[in-house]
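Heads up, the thing below is written out as structure tokens.
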Amino acid sequence: MPTTLRDTFSVTRFSFWTGAMLSTLVGSLLYMVTARSIENNAYERFTNHAKYAQSVINVRVKSYNDLLQSTGSMIQSMDIITHRKLHQYVTGLDLAKHFPAVDSINFATHVTDERRDIFIKELRKEMQGLVELPAPLDIAPPGRRSSYLVISYIEPDLSSPGHYGVDLLANRYFGTQLEKSRDEGTVYASGTQIQPLSKPNDTHLGMRMPIYYGSGRLDTVAERRAAYAGSLGIAFSVPKLLHGVMDEVPITGLRMTLYDIGPGLDIHGRDTGCTPRTLFDSRGSASDPTPPLAGGDTTFSTALSLNFHGRTWKTIYSAPKTALYTEFDSYYPKLMMAFGFLGSILLYALLHTLTSSRRAALALAQEMTSELRESQSKLQLSHQKLRRLADHAYQIKEMERKRIAREIHDDLGQSLLALRIEAELLAGRTRGTHSHLHKRARATLLQIDTTIKSVRQIINDLRPTVLDLGLSAAVEWQVNQFQRRTGIQCEIQDDHGEIALADHCATAFFRILQESLTNIVRHANATRVKVELRLNGGWLSLTVRDNGCGLPPGGRNKYGSFGLVGIEERIVILGGTCAVFSEPDGGTTVMVSAPVVGAVQHPVHAQFEHGPGSALI
């Protein structure tokens, strides 16, 4: 035995190097998985910070849009807009404090060619003394056109008259977009930088909204054109709009680059199509506004989009991965690699030990097999004795039920019948002579009738007397009683008439029917029940089918439920089979079959064959 153990647990050179290689592989895999998990977690945190920064930008853009909308509502509420009213309103907004990115708010008046001269005259008169004019104020560029959209008011006030009188419709590109904004009643953003204000990496943009006069309807294009008064716009600085956004993100070395990827014009007035235009770069400078984006495996990067009045802004956030890692993150993968290597070594040693001891376990198992087979034989014998005992208990119980029912019928029933006859005689003799006594006699007679009914019900519950007429009659009686008591529609199919059965066999089938109907009332919620009784080649089959909710998962083995177990035991004692299953469209079917001794033989026409043995569920 010691030699066997030494050979069993010996370590060869092959097993040693195999364990070392497997442990190294496991440690390497754990290192890669841990490193990837840390990187994914860091990237998720980076993405969440970027989304937060994007939401801050979105809120700021919305606040400037609200500024434009509120100013437009103020203008539309006035019958006549003047420089003084607009100046007072904008002064009250305190743009430098609440909207620091706004360069100016301007209003362009819509003028037809018929009112051109009158409009110029009124504008010169109103702006006299407010703006230094080296030459009389006029519409620029010069020339006669069918309509004009002339910048008339600019807030805060500009000492230079360079922008006053500019016709926005003269630019074919902007004119088309502003006319579309007028017809649709939407805010327009060109996406093209304002050249006089913009510098390298200091882009200034504008957005405009149409202004309508009057309180009429603006549902159609014609109605909006008729009520069109002009266009209100704001010019704002993109760097000032984004100022402080990156300060709210706790990532060192974060870079934010904002692009406009919609159609627009370049600095030379050429259509750029959908070529991305850089609006802001946190790493940009006057000499290098758009340095190349960092890339590679050492940088996290994500792109988020923003809808700016029909234009798509794309923001690219990037940061070095080291800015998202903690000091522990650099040691954790190595720690997991060491843990995986050592753990694999120990696990391999354990498996080697268990595998080596398998031979000893097999020898012990062979020794125990013979004892187990002997125990199984004893268990089967004990099981058979329990079944015979259960059969005997069922027969004794049914005989006792039958005896008690007979004694109740013979003794108590006869006594009640005699008592009823006496009470009926007393009621007949006191009719008309002793009304009070007659009334008491009639009440006693009714009470005796009620007692007789109760006694009959007790006798039927113990053992229905209809069983003496045969199983078919008992089944029909039980189903009729069930239908009358519950209101559930029942159907009986019995093609064989009366079947000659032993008393204990008929009683078993009857009790199975009772238990099945009781289960339907308690659990099935059914509205229709079908009972079939068939005799097939010496086998009697009873099928109870309902259209209820069916058996729930694990319902047959529910703790404390013995209904189906009792059905199975009764039929197996008779040497038969039992099947309980749910239909695909709902409902439950209980099917029991048992051999009938001394029955008339009929041709076998069932769709299944029987075989004695244990129940099949």
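The figures here come from the full heavy-atom set of this structure, side chains too, leaving out hydrogens, waters and symmetry mates.
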What verdict does the salt bridge (Lys or Arg N to Asp or Glu O under 4.0 Å) test give for Arg145 and Asp113, after you've listed the backbone C-alpha separation in whole Å, the side-chain angles of each residue and the deciding distance to 0.1 Å? CA-CA 6 Å; Arg145 293 176 287 277; Asp113 190 51; over 6 Å; no

Would you indicate whether the side-chain heavy atoms of [Y] and [X] approach each other to under 4.5 Å?
{"X": "Thr186", "Y": "His309", "value": "no"}
{"X": "His204", "Y": "Val238", "value": "no"}
{"X": "Thr34", "Y": "Leu335", "value": "no"}
{"X": "Val221", "Y": "Arg182", "value": "no"}
{"X": "Glu155", "Y": "Asn106", "value": "no"}
{"X": "Thr299", "Y": "Lys321", "value": "no"}
{"X": "Val245", "Y": "Ile57", "value": "yes"}
{"X": "Val187", "Y": "Gln69", "value": "yes"}

Looking at [atom1] of [X] and [atom2] of [Y], how far apart are the two atoms once the value is rounded to the nearest 0.5 Å?
{"X": "Arg116", "Y": "Glu114", "atom1": "CZ", "atom2": "CD", "answer": "12.0 Å"}
{"X": "Met591", "Y": "Ser516", "atom1": "CE", "atom2": "OG", "answer": "12.0 Å"}
{"X": "Tyr317", "Y": "Met246", "atom1": "OH", "atom2": "CE", "answer": "9.0 Å"}
{"X": "Arg255", "Y": "Ser301", "atom1": "CZ", "atom2": "OG", "answer": "9.5 Å"}

Given the rule in the side chain to side chain donor-acceptor pair (under 3.5 Å) test, do Glu223 and Tyr212 qualify, once you have shown the distances and angles that lead to the verdict? CA-CA 10 Å; Glu223 291 173 345; Tyr212 306 98; over 6 Å; no

Looking at [Y], is its backbone amide N or carbonyl O close enough to the side chain of [X] to form a donor-acceptor pair, meaning the two atoms are under 3.5 Å apart?
{"X": "Arg60", "Y": "Ser55", "value": "no"}
{"X": "Asp546", "Y": "Thr588", "value": "yes"}
{"X": "Asp183", "Y": "Lys180", "value": "no"}
{"X": "Arg124", "Y": "Leu137", "value": "yes"}
{"X": "Thr203", "Y": "Leu279", "value": "yes"}
{"X": "Asn48", "Y": "Glu44", "value": "yes"}
{"X": "Ser282", "Y": "Met256", "value": "yes"}
{"X": "Ser37", "Y": "Val33", "value": "no"}
{"X": "Ser23", "Y": "Ala20", "value": "no"}

Is it true that, when you exclude Lys85 itself, more than 12 heavy atoms of the residues, nucleotides or ligands shown sit nearer than 6.0 Å to its NZ?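 Count over threshold, so yes.
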
Other residues, nucleotides and ligands only: do more than 12 of their heavy atoms fall within 6.0 Å of CE on Met78?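 Enclosed.
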
Is [X] salt-bridged to [Y], cutoff N-O under 4.0 Å?
{"X": "Arg283", "Y": "Asp281", "value": "no"}
{"X": "Asp260", "Y": "Arg311", "value": "yes"}
{"X": "Arg144", "Y": "Asp117", "value": "yes"}

Relative to each other, are the rings of [X] and [Y] parallel, tilted or perpendicular (30° and 60° limits)?
{"X": "Tyr325", "Y": "Phe300", "result": "perpendicular"}
{"X": "Phe236", "Y": "Tyr64", "result": "tilted"}
{"X": "Tyr332", "Y": "Phe328", "result": "tilted"}

Assess whether side chain to side chain donor-acceptor pair (under 3.5 Å) is satisfied between Arg45 and Asn41, documenting all intermediate values. CA-CA 6 Å; Arg45 286 187 281 112; Asn41 181 265; 3.2 Å; yes

Distance alone, cut at 3.5 Å: any donor-acceptor contact between the side chains of Asp103 and Ser237? no

Gln76 and Tyr213 side chains, donor-acceptor separation under 3.5 Å: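 There is no such pair between these side chains.
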
Taking Tyr153 as the fixed residue, which of His87, His83, Glu126 is the one that meets the side-chain hydrogen bond (donor to acceptor under 3.5 Å, both in side chains) rule?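 For Tyr153, the side-chain hydrogen bond (donor to acceptor under 3.5 Å, both in side chains) check succeeds only for Glu126.
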
Would Thr109 and Ser152 count as a side chain to side chain donor-acceptor pair (under 3.5 Å) if you check the C-alpha gap in whole Å, the side-chain angles of each, and the deciding distance to 0.1 Å? CA-CA 6 Å; Thr109 307; Ser152 307; 2.9 Å; yes

Please report the shortest heavy-atom distance between [X] and [Y], naming the atom on each side.
{"X": "Gln193", "Y": "Ser198", "value": "CB-OG, 3.5 Å"}
{"X": "Tyr259", "Y": "Ile316", "value": "CE1-CD1, 3.7 Å"}
{"X": "Asp202", "Y": "Pro239", "value": "OD1-CG, 3.5 Å"}
{"X": "Glu248", "Y": "Val56", "value": "OE1-CG2, 3.8 Å"}
{"X": "Ala189", "Y": "Phe308", "value": "CB-CE2, 3.4 Å"}

Arg208 to Tyr188, cation-pi by 6.0 Å centre distance and 45° axis angle: no

For Arg224, give me all partners under salt bridge (charged side-chain N to carboxylate O under 4.0 Å, His left out), at least two apart in sequence or on another chain.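 Not a single residue meets the salt bridge (charged side-chain N to carboxylate O under 4.0 Å, His left out) criterion with Arg224.
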
Derivation of the side chain to side chain donor-acceptor pair (under 3.5 Å) call for Thr527 and Asn547: CA-CA 7 Å; Thr527 60; Asn547 65 339; 2.9 Å; yes

